[in-house]
*Asks:* 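Shown below is the structure under consideration.
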Amino acid sequence: MADEKGSVLERPVSVLKGVGPAKREALAKMGIETVGDAVRCWPRAYQNRGDTRTLAEIAALCADGETGPFSAILTVSAEPKGRYIRKGMHITTAKAFDETGAVSVTWFNQPYIADRIRVGETFRFYGRFEWNVQYKRLSLNSPLTEPWKEDAALPAIVPVYPVTAGLTQRFMIDLTARAVEASAGEMWEILPSEALEDLRLPTYAYAVRQIHRPESVQSMETARRRLAFEELWLMFLSMAKNRAETRRRSGPLCLGNTDLGEFLRVLPFTLTGAQERCVSEILGDMAGEFLMNRILTGDVGSGKTAVAAAAAYAAAKNGLRTLVMAPTEILANQHAEDFRKLFGPLGIRVALLTGSTKKKERDEILGGLKDQPRIGAGISILIGTHALLTEDVEADSLGLCVIDEQHRFGVMQRAALFEKARNVHCLVMSATPIPRTLTLAAYGMIDVSRIDELPKGRQKISTFVVNESYRERLNGFILKQAEEGHQTYVVCPAVEDNEDTDVSDGEEMANLPLLDAMGDAGLPMKSAKQTAEDLAAALPGLRIGFVHGRLKSAEKDRVMNAFAEGELDVLVSTTVIEVGVNVPNATLMIVENAERFGLSQLHQLRGRVGRGTAKSYFILVSDSKNEEAQERLQAVKSTTDGFEIAEYDLKLRGPGDFFQETGAIRQHGQLNFRLAAVCRDPEMIERASYYARKTAEEDPGLNKPENARLRERLGEFGRKTEKIQN
Ligand code: ADP
Ligand code: MG
């Protein structure tokens, strides 16, 4: 290997010892193809096995209701015995002790363990302990068992890697060790030294070693901080660079006339201050030197449509067409209705094109798109769904593309969407309130407008957090809404199918909680289907509909429409469909397993009720005992300001969700973004953005010799991202 030319990092991972064709294939599934990928396969968590305790201490903790995992240095006192208790179920039992007590140990389905353990030998055991109150006895189930020698200390903090079928933890530990060793000569520093000093971050080489084999919890955290900062910085840098490269002059699309006089006259309300500000930011862009690339964020109901309509009006006045794209047919219909009401009196023609538009009408519309749009003639505004994305939809004189709730489009559709919008002014609308920190971070890459004020007279929705003991009362409340002629949404978290991707080897059998394990992954979760069935049984008189992600879209639309038309009293759904309809008659929303949802997501769900005149309620059901989970739910209860909730969410969960959901950062998938996604330090995000802009300004093409390594890394970063997209 030593005499080969080029970077070790770029060689296929199979140059490392132990990686044959089968492993190579399994690794490729996780996106690990080169030695560099293996170096940057960060542990997903750690086990702290170094914090050892005596059995007496453990017994006391267990008696208090704690189960560990705990670590203890114990000597085996009874020969391990293995037997099958039934077909396919093998157990091995043994006893072990220290100077303070004894424990009986059991391993399931690890028959080989009996050969590894002898009476009189000492091991480090790490696992869940249980205290039997009746017999006053301690037991230990399927612990990790490592031979212990006084002078050759075992590592205290052990990494846990992401794995997939065909890969074990042991293999990943060896693999990453070899990858790090092989590339020891190529641990180049790419961060500006100024940034390292400013944030007191360690070097790349140190961080890589410590994240894989931490000496202490602290050094592991320092390493993560450094690498998270690097991810953020690379991402912002690639956005800044991308923007500089793709920014196009507006040329003939630069609006000469941005007067809204007539539009404001027909608008049935006066714009809020926030709406006015956003409109003027948008018109400023459209009358500027470069094409607009802006995201408009604001709570559900904050009036984004009117702002987009103002932009469409300005475009129409200047002889330019607007394309408005919505993720669902229902939303497209609603936009078409709103726009027609507004623009009809102004002689501006609005057309709607969706999957259900009849061929004859479709042909007519497509034909109409060839003419120059003028006020009083031709189609000025075309509204639709992804049906607009097919190749035959060729709009001449296109000037503005408005994309509503882009995060709800599929990945492929999104790519096509932005392709359409590439040479025109582009406005993305999102109900995900972006925290101010991230707005700052994104500044210079995409422009952000915020509608942070709701139109006057909106009613407050009463929010409650309850647990399972309220079930009967909840059902009674649903019934009451129905009797008053109102409707109820019941929202359940989607059951994830990928929960078994961590294939366990012997080591992981213990299924131990991890150092940074979050939330209540273990809490029993009722499926949406079960919820619908239970409700039907409890409330036999009500008409209950059920939609979930796996339904065909026609069937989904049918049920949703039935709910919108008042033909159903209750709609049970998973968030896969995000209840994106406007049903003013719905007055109650119940969210099951609320601890599973992001705060901003909950906040958006809440926006689905309270759209009519009747008093509305939002009830979060959660049995979680987790303090943080409860605190989060209380935060949703205590404020109705989406931006405030977003700040809170950012602090608790890091920017991952926002990066996923907003157009600003749409192109970056999780793989490149594993550490930064849970970065909970707003200052880091801001500093990363600052230094990225600085680098991009000083050396836009990254052509300076000192930036050569950086250019390589950024290229690699981009390639990975593309792969995720495809
Ligand atoms: P969203 O931001 O969720 O897209 P919409 O644009 O659909 O919100 O607006 C929600 C409702 O508020 C609509 O019925 C709209 O007519 C109304 N609305 C918007 N702006 C104002 C305003 N300035 N004053 C009063 N009502 C408004
Ligand atoms: Mg909207």
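Everything quoted here is computed from the prediction, not taken from an experiment. Counting convention: from 1, in listed order, for ligands and their atoms alike.
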*Asks:* Check whether any side-chain N or O of His425 sits under 3.5 Å from a backbone N or O of Met292 as a donor-acceptor pair, and report yes or no.
*Replies:*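 Looks like yes, one N/O pair under 3.5 Å.
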
*Asks:* Protein heavy atoms near atom 27 (C) of ligand 1, is at least one of them under 4.0 angstrom away?
*Replies:*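 Yes, at least one protein heavy atom sits under 4.0 Å from atom 27 (C) of ligand 1.
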
*Asks:* Less than 4.0 Å between a side-chain N and a carboxylate O, is that true for Arg543 and Asp569?
*Replies:* yes

*Asks:* How about Asp452 and Arg277: do any of their side-chain heavy atoms sit closer than 4.5 Å?
*Replies:*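 With C-beta onward as the side chain, the pair touches.
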
*Asks:* Return the closest protein heavy atom for atom 8 (O) of ligand 1 as residue, atom name and distance.
*Replies:*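 Protein heavy atom at minimum distance: Gly303 N, 3.3 Å.
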
*Asks:* Please state which part of Asp299 comes within less than 4.0 Å of ligand 1, counting heavy atoms only: side chain, backbone, both or neither.
*Replies:* backbone

*Asks:* Quick one: does Asp299's side chain have a donor or acceptor within less than 3.5 Å of a partner on Gly642's backbone?
*Replies:*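 Side chain of Asp299 to backbone of Gly642, a donor-acceptor pair under 3.5 Å: yes, one is there.
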
*Asks:* Side chains of Gln481 and Thr488: donor-acceptor distance under 3.5 Å anywhere?
*Replies:* no

*Asks:* Could you tell me whether Thr270 and ligand 1 have an N or O pair separated by under 3.5 Å?
*Replies:*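 The answer is yes, given that Thr270 and ligand 1 share an N or O pair closer than 3.5 Å.
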
*Asks:* Given that the side chain starts at C-beta and the backbone is N, CA, C, O, which of these parts of Met429 lies under 4.0 Å from ligand 1, counting heavy atoms, or is it both or neither?
*Replies:*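 Neither; no heavy atom under 4.0 Å.
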
*Asks:* Looking only at protein heavy atoms, identify the closest one to atom 20 (N) of ligand 1 and say how far it is in Å.
*Replies:*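 The closest heavy atom on the protein side is Gln275 NE2, 3.0 Å.
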
*Asks:* Please determine whether salt bridge (Lys or Arg N to Asp or Glu O under 4.0 Å) holds for the pair Glu555 and Arg558, giving the CA-CA distance in whole Å, both sets of side-chain angles, and the decisive distance to 0.1 Å.
*Replies:* CA-CA 5 Å; Glu555 177 62 11; Arg558 194 188 61 74; 3.1 Å; yes

*Asks:* Report yes if some N/O of Leu271 lies less than 3.5 Å from some N/O of ligand 1; otherwise report no.
*Replies:*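 Between Leu271 and ligand 1, no N or O pair is found under 3.5 Å apart.
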
*Asks:* Go through Tyr617 and Phe477 one step at a time and tell me if the ring-ring contact (aromatic ring centres under 6.0 Å, His included) criterion holds.
*Replies:* CA-CA 10 Å; Tyr617 305 87; Phe477 200 47; 4.9 Å; yes

*Asks:* Kindly say whether Gly256 contributes a backbone atom to a donor-acceptor pair with the side chain of Asn318 at under 3.5 angstrom?
*Replies:*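 Yes: the side chain of Asn318 pairs with the backbone of Gly256.
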
*Asks:* Nearest protein heavy-atom contact for atom 17 (C) of ligand 1: which residue, which atom, what distance?
*Replies:* Arg458 NH2, 3.6 Å

*Asks:* Between ligand 1 and Ser302, can you find any atom pair, the residue atom being a heavy atom, that is separated by under 4.0 Å?
*Replies:* yes

*Asks:* Among Lys615, Arg606, Arg611, find the one that has a side-chain contact (heavy atoms from CB on, under 4.5 Å) with Ile461.
*Replies:* Arg606

*Asks:* Would one find an N or O of Gly301, backbone or side chain, under 3.5 Å from an N or O of ligand 1?
*Replies:*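 Yes; at least one N/O pair falls below 3.5 Å.
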
*Asks:* For ligand 1, which atoms sit closer than 4.0 Å to a heavy atom of Thr272?
*Replies:*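 It comes down to these atoms of ligand 1: 23 (N).
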
*Asks:* I want to confirm something. Looking only at heavy atoms, which of Val307, Thr305, Asp338 is nearest to atom 7 (O) of ligand 1?
*Replies:* Thr305

*Asks:* What protein heavy atom sits nearest atom 22 (C) of ligand 1, and how far off is it?
*Replies:*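 Looking only at protein heavy atoms, the one closest to atom 22 (C) of ligand 1 is Phe269 CD1, 3.2 Å.
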
*Asks:* Any protein heavy-atom neighbour for atom 3 (O) of ligand 1 (distance below 4.0 angstrom)?
*Replies:*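 Yes, because at least one protein heavy atom sits under 4.0 Å from atom 3 (O) of ligand 1.
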
